[in-house]
Asks: 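Pasting a structure below so you can have a look.
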Amino acid sequence: MGLSKLGVVPWLLGMLFLCSLCMADVHYYDFFVRESNFTKLCNTKPMLVVNDSYPGPEIRVRRGDTVFVNVHNQGSYGFTIHWHGVKQPRNPWSDGPEFVTQCPIQPGTNFTYEVVLSDEIGTLWWHAHSDWTRGSVHGAFVILPAKHETYPFHPPHAEQTIILESWYNGDYLQLLRDTNLTGQAIPAPDAYAINGHLGDNTGCNDTIFRMEVNHRETYLLRIINAAMNEDKFFSIADHTLIVVAQDASYVQRFATDYIMISPGQTMDVLVHANQNIGQYYMVMRNFHDSAARSNNNITTGVFRYKNSVGGLNSNASLVKLPLPNDTDATSSFVSRIRNTRVRQNPRLNVPRHIDRRVYVAIATTSINCTNPECLAVSPTRFAAAMNDVIFQFPRIDILQAYYNRSINGVFTKDFPLEPPEFYNFTGELSGINPNVSMGTRAVTLNYGEAVEIVFQATQFGAGGSHPLHLHGFSFYKVGTGSGNFNNVTDPKSYNLVDPPLINTVHVPARGWVALRFFANNPGVWFMHCHLERHSSWGMDTVFIVKNGATAETSVRPPPATGMPVCS
């Protein structure tokens, strides 16, 4: 993880983009996924990783390239890989979520993903998409400007990928199995990591991540929140951060002392090494606004000037960082992220008139225990739902069933387009018991429809905010607010001028957020909370976009080499 060295008319933008794709390259990677031993927190454990590294290898390509990744499963159980934020035009076969677009890659077998890039630019990431294995199976996916394309800012002298992670002393899969059996919440992580380093606050002589810089040079930080369940504040002592991109799309630049980044999100940030030569802490800690348990310790790294002598210039606890429950700091930061009209970005194309609105109330809840291990702890178990539906993963993947027109017993096309019952979702709900059900229910969209999704946070269960991710698309975040969404008055406040184009959105606690996009990518696409505990409890659904009228607007056939077989 070391350092490594459009004000034009729309048709011209399109021509420039197509010309850049004419020179696109094809890249090949091999991922060998197996268990390797790691020692942290005075404890050694085997952990499933890619190519024996934690985090895994970085993919580095240019905009518009195609990437083939041959994944060899040398572990003891099946898994899949997802290319987070890559739209995969017409190619859901390589999107990766387990039992949604494919079955797991079984031990002793391999599968080659074809990752098709289009207009993404900047930083994305890849991760396992089976149970909790993404906790150790993940890495950066860096998309550089296309050949003869430039950054929309002065090129940095160098860049650094920074991955924010959760660390558990236990095995991720075993943790999930144990808590599924008892129906209880997975405990908070034992620590957090920056690029696999736990920092200097553990008392176990754990390593600390160090980034070496030259005085008066500018660095591009590619920051990824790969944590399992935690929003993160991040800052560098005495240095200003300049946000330039989020989720592989450029934004209007702004300066800040800190960022707030949700699980699944990526941010590109410039930092000028313009302070006195020395060593400065980089720090992260959780933002936490729900009743669930949280670990609020500070995790440290070092921003070190070359030729610096002596110790660190400040105490980590004194770095300018919001408090863990500072909702004002979070909303203030998130509100500053706006689209920018630079030629390197996709042409702004916000739907003005909506063909389909999906209003989704998201909630954590509980259901009755049905097994002795669960009943021995509590009569109920944790669950999570969208519009009162707890998502159940089938045993044959949904894409295969849909493509082969054999959906009976696999899924239904009746996901509710609004909550079955309306309450004061963000008020006092202790006396209300939603009538939740379990099922594999999908939303079906016609090709080309203008879609609006409104996510409504609720105070059921622990409440709190949620990072929601939609596969296969980037979407415009056109509105947000507190309280309950009003479909008459709230759309009047929408930002249709410069809304950010993102793939993972922070839904505020006791509030709502509105997204818009065109359903122009046929296929089966997963939508889920990127808090892993919520997704594993059922806070998921599937969007199916029907084929258009031509071959160019229809799902590609499955790969000739075949898909992993369901066992």
Side-chain angles (χ1 to χ4, degrees), residues 97-100 129-132 134 175-188 227-231 262-264 288-294 358-370 374 377-394 415-416 418-421 423 425-426 429-430 432-443 453-471 504-513 526-543:
E98 183 178 73
F99 296 119
V100 176
H129 216 301
S130 304
D131 297 322
W132 278 47
R134 81 165 175 87
L175 282 166
L176 180 64
R177 286 172 174 168
D178 290 346
T179 53
N180 278 347
L181 202 61
T182 63
Q184 301 309 296
I186 288 178
M228 300 299 284
N229 295 293
E230 295 87 15
D231 296 297
S262 294
H288 186 71
D289 59 356
S290 80
R293 293 190 300 270
S294 177
V358 186
Y359 180 31
V360 182
I362 48 181
T364 55
T365 183
S366 60
I367 56 176
N368 291 332
C369 287
T370 57
C374 182
V377 178
S378 168
T380 60
R381 63 185 302 120
F382 285 109
M386 291 183 171
N387 284 350
D388 294 351
V389 178
I390 301 168
F391 186 80
Q392 280 187 305
F393 287 92
F415 181 84
E418 62 180 29
E421 297 180 72
Y423 324 93
F425 294 115
T426 56
L429 297 173
S430 58
I432 299 174
N433 295 309
N435 186 24
V436 297
S437 62
M438 304 183 75
T440 311
R441 303 168 69 178
V443 178
I453 303 176
V454 176
F455 288 118
Q456 174 71 63
T458 72
Q459 283 302 104
F460 286 116
S465 54
H466 303 266
L468 272 293
H469 173 49
L470 175 61
H471 293 215
T504 305
V505 68
H506 174 84
V507 182
R510 297 182 183 270
W512 56 269
V513 67
F526 196 37
M527 185 178 77
H528 61 99
C529 183
H530 226 278
L531 300 182
E532 206 66 23
R533 66 175 182 270
H534 291 171
S535 181
S536 61
W537 291 344
M539 193 177 286
D540 323 282
T541 191
V542 168
F543 278 70

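For the numbers below, each heavy atom of this structure counts, side chains included, while hydrogens, waters and symmetry mates do not.
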Asks: Any donor and acceptor pair, going by atom type alone, linking the side chain of S366 with main-chain N or O of T380 inside 3.5 Å?
Replies: no
Asks: Is any side-chain heavy atom of M386 closer than 4.5 Å to one of F415?
Replies: yes
Asks: Determine the sole option in D540, T440, V542 for which the side chain to side chain contact (heavy atoms under 4.5 Å, CB included) test with V100 is passed.
Replies: V542
Asks: Give the minimum heavy-atom separation between A442 and T541, together with the two atoms involved.
Replies: CA-OG1, 4.4 Å
Asks: Between atom CG of L181 and atom SG of C374, what is the distance when rounded to the nearest 0.5 Å?
Replies: 8.5 Å
Asks: Look up atom CD in E532 and atom CD in E230, then write down how far apart they are to the nearest 0.5 Å.
Replies: 11.0 Å
Asks: Are F526 and H129 close enough that their ring centers fall under 6.0 Å?
Replies: yes
Asks: State the CH2-CD1 distance between W537 and I186, to the nearest 0.5 angstrom.
Replies: 8.5 Å
Asks: Please assess M527 against I453 for the test side-chain contact (heavy atoms from CB on, under 4.5 Å), listing each intermediate value before the final yes or no.
Replies: CA-CA 11 Å; M527 185 178 77; I453 303 176; 4.1 Å; yes
Asks: Could you tell me if the side chain of D388 sits less than 4.5 Å from the side chain of S437, heavy atoms only?
Replies: no
Asks: If every non-hydrogen atom of C369 is compared with every non-hydrogen atom of R381, which pair is closest and at what distance?
Replies: SG-N, 3.9 Å
Asks: Taking the side chain from T179 and the backbone from L176, do they hold a donor-acceptor pair closer than 3.5 Å?
Replies: yes
Asks: Any side-chain heavy atom of S378 sitting closer than 4.5 Å to one from Q184?
Replies: yes
Asks: What residues form a side-chain hydrogen bond (donor to acceptor under 3.5 Å, both in side chains) with N229, not counting sequence neighbours?
Replies: none
Asks: Please report the C-alpha distance between T458 and Y423 in whole Å, then the side-chain angles of each, then the deciding distance to 0.1 Å, and finally whether the side-chain contact (heavy atoms from CB on, under 4.5 Å) criterion is met.
Replies: CA-CA 10 Å; T458 72; Y423 324 93; over 6 Å; no
Asks: Does I367 reach the side chain of V436, with side-chain heavy atoms less than 4.5 Å apart?
Replies: yes
Asks: Between atom NE2 of H534 and atom CG of L468, what is the distance when rounded to the nearest 0.5 Å?
Replies: 10.5 Å
Asks: Within the 4.5 Å heavy-atom criterion, are I432 and F460 side-chain neighbours or not?
Replies: yes
Asks: Hey, does the side chain of N387 reach the backbone of Y359 with a donor-acceptor pair shorter than 3.5 angstrom?
Replies: yes
Asks: Just verifying a value: how many Å separate F382 CZ and N180 CG, rounded to the nearest 0.5 Å?
Replies: 12.5 Å
Asks: Taking all heavy atoms of S262 and all of P467, pick out the closest pair and write down the distance.
Replies: CB-CB, 3.8 Å
Asks: Please name the pair of heavy atoms, one in G464 and one in A509, separated by the smallest distance, quoted to 0.1 Å.
Replies: C-CB, 3.5 Å
Asks: Closest approach of Q459 and G463, non-hydrogen atoms and distance?
Replies: OE1-CA, 3.9 Å
Asks: Would you indicate whether the side-chain heavy atoms of S465 and H506 approach each other to under 4.5 Å?
Replies: yes
Asks: Tell me if a side-chain donor or acceptor on R134 pairs with a main-chain N or O of M228 at a distance below 3.5 Å.
Replies: yes
Asks: What pair of heavy atoms forms the shortest contact from P394 to F99, and how long is it?
Replies: O-CG, 3.3 Å
Asks: Within this structure, what is the CD1-CE distance for the pair I390 and M539, rounded to the nearest 0.5 Å?
Replies: 10.0 Å
Asks: Is any side-chain heavy atom of P420 closer than 4.5 Å to a side-chain heavy atom of N435?
Replies: no
Asks: Just by modelled atom types, is the S290 backbone N or O under 3.5 Å from a matching donor or acceptor in the H288 side chain?
Replies: yes
Asks: Run the ring-centre check on H528 versus H471 and record whether the distance is less than 6.0 Å.
Replies: yes
Asks: Determine whether I362 and Q456 make a side-chain contact, defined as any pair of heavy atoms from C-beta on separated by less than 4.5 Å.
Replies: no
